[in-house]
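Here the structure is a predicted model, which means the values were calculated and not measured.
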Amino acid sequence: MIRILVIDDVSEVRLFIRNCLEEAGYSVLEADNGNTGITAFRRNPVDMVIVDLFMPEKEGIETIIELRKGYPNLKILAISGGIPKYGPDNLLYSAKMLGADDCLNKPFTVQQLLDVIEKLLAS
C-alpha cells in the first residue's frame with residue numbers, strides 16, 4: 001500500500017486530505033509542522049510527502065530542502081494558499097525550484113489532488 005505523509009499545521013486541511021487519500025486507498029500519516037513531519041518520516045518512511053508552505057516551527061520550504069537532501073528520490077508535493085503580499089504562485093514556484101516535484105494552490109478539489117498524486121507516483 002502506498003504511504004503518504006501530510007504535513008500541515010491546519011487540522012481541518014489534514015483531515016480533508018486524509019479522508020480523500022484513504023478513500024482512494026492510500027495509507028496516511030500526519031504531522032502538524034516540518035519538525036514533527038521530518039521526525040515522523042524518519043520513524044516511518046513513506047512514498048510521498050505533501051507539505052504546506054506556511055507552518056510554525058519549521059515551514060514548508062525548509063522541510064522540502066531537508067527532505068530532498070536526505071531522500072533525493074522521495075516524491076514531494078507542496079501546497080499553499082499563499083499570502084496576499086506574495087500570492088501562492090510565487091511561493092509554489094520557489095518550492096518547486098528548491099525540491100518539490102509538483103505544487104497545488106489551496107483550495108483544491110479532491111480530483112485535482114488525486115490527479116497530481118497519481119502523476120507523481122507514476123513518474
Main-chain N/O of [Y] paired with [X] side-chain donor or acceptor, under 3.5 Å:
{"X": "Gln112", "Y": "Thr109", "result": "yes"}
{"X": "Arg14", "Y": "Asp8", "result": "yes"}
{"X": "Glu62", "Y": "Glu59", "result": "yes"}
{"X": "Arg68", "Y": "Thr63", "result": "no"}
{"X": "Arg18", "Y": "Val28", "result": "yes"}

Please say yes or no: joined through hydrophobic side-chain contacts below 4.5 Å, possibly via intermediate residues, are [X] and [Y] part of one cluster?
{"X": "Ile117", "Y": "Ile17", "value": "yes"}
{"X": "Leu21", "Y": "Ile79", "value": "yes"}
{"X": "Val13", "Y": "Val116", "value": "yes"}
{"X": "Leu104", "Y": "Val6", "value": "yes"}
{"X": "Ile65", "Y": "Ile76", "value": "yes"}

Are Leu67 and Ile38 packed together at the side-chain level, in the sense that at least one heavy-atom pair is separated by less than 4.5 angstrom? yes

Mind checking side chain to side chain donor-acceptor pair (under 3.5 Å) for Asn19 and listing every partner two or more places apart, or none if nothing turns up?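 Counting only residues at least two positions away or on another chain, Asn19 forms no side chain to side chain donor-acceptor pair (under 3.5 Å).
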
Sequence-distant partners of Asp32, side chain to side chain donor-acceptor pair (under 3.5 Å), two or more places apart: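 Scan of Asp32 (side chain to side chain donor-acceptor pair (under 3.5 Å), adjacent residues dropped) gives Thr36.
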
Taking it one step at a time, do Ser11 and Glu30 satisfy side-chain contact (heavy atoms from CB on, under 4.5 Å)? CA-CA 9 Å; Ser11 59; Glu30 295 181 40; over 6 Å; no

Where do [X] and [Y] come nearest, in terms of heavy atoms and distance?
{"X": "Leu114", "Y": "Ala24", "value": "CD2-CB, 3.8 Å"}
{"X": "Asp9", "Y": "Pro56", "value": "CB-CD, 3.5 Å"}
{"X": "Ala95", "Y": "Ile61", "value": "CA-CD1, 3.5 Å"}
{"X": "Ala78", "Y": "Leu53", "value": "CB-CD2, 4.1 Å"}

Can you tell whether the side chains of Asp47 and Lys75 come within less than 4.0 Å, N to carboxylate O? no

Taking salt bridge (charged side-chain N to carboxylate O under 4.0 Å, His left out) as the test, write out the residues that go with Lys58, two or more places apart. Glu66

Stepwise, does the side-chain contact (heavy atoms from CB on, under 4.5 Å) test hold for Val10 with Asp52? CA-CA 9 Å; Val10 179; Asp52 185 33; 5.6 Å; no

To the nearest 0.5 Å, tell me how far Leu77 CG sits from Ile64 CD1. 9.0 Å

Value rounded to 0.5 Å, distance of CG in Leu120 from CE in Met48: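 Rounded to the nearest 0.5 Å, the CG-CE separation comes to 4.0 Å.
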
Tell me whether the rings of Phe41 and Tyr71 are parallel (<30°), tilted (30 to 60°) or perpendicular (>60°). perpendicular

Residue pair Val49, Ile4: steps toward the side-chain contact (heavy atoms from CB on, under 4.5 Å) verdict: CA-CA 6 Å; Val49 173; Ile4 299 175; over 6 Å; no

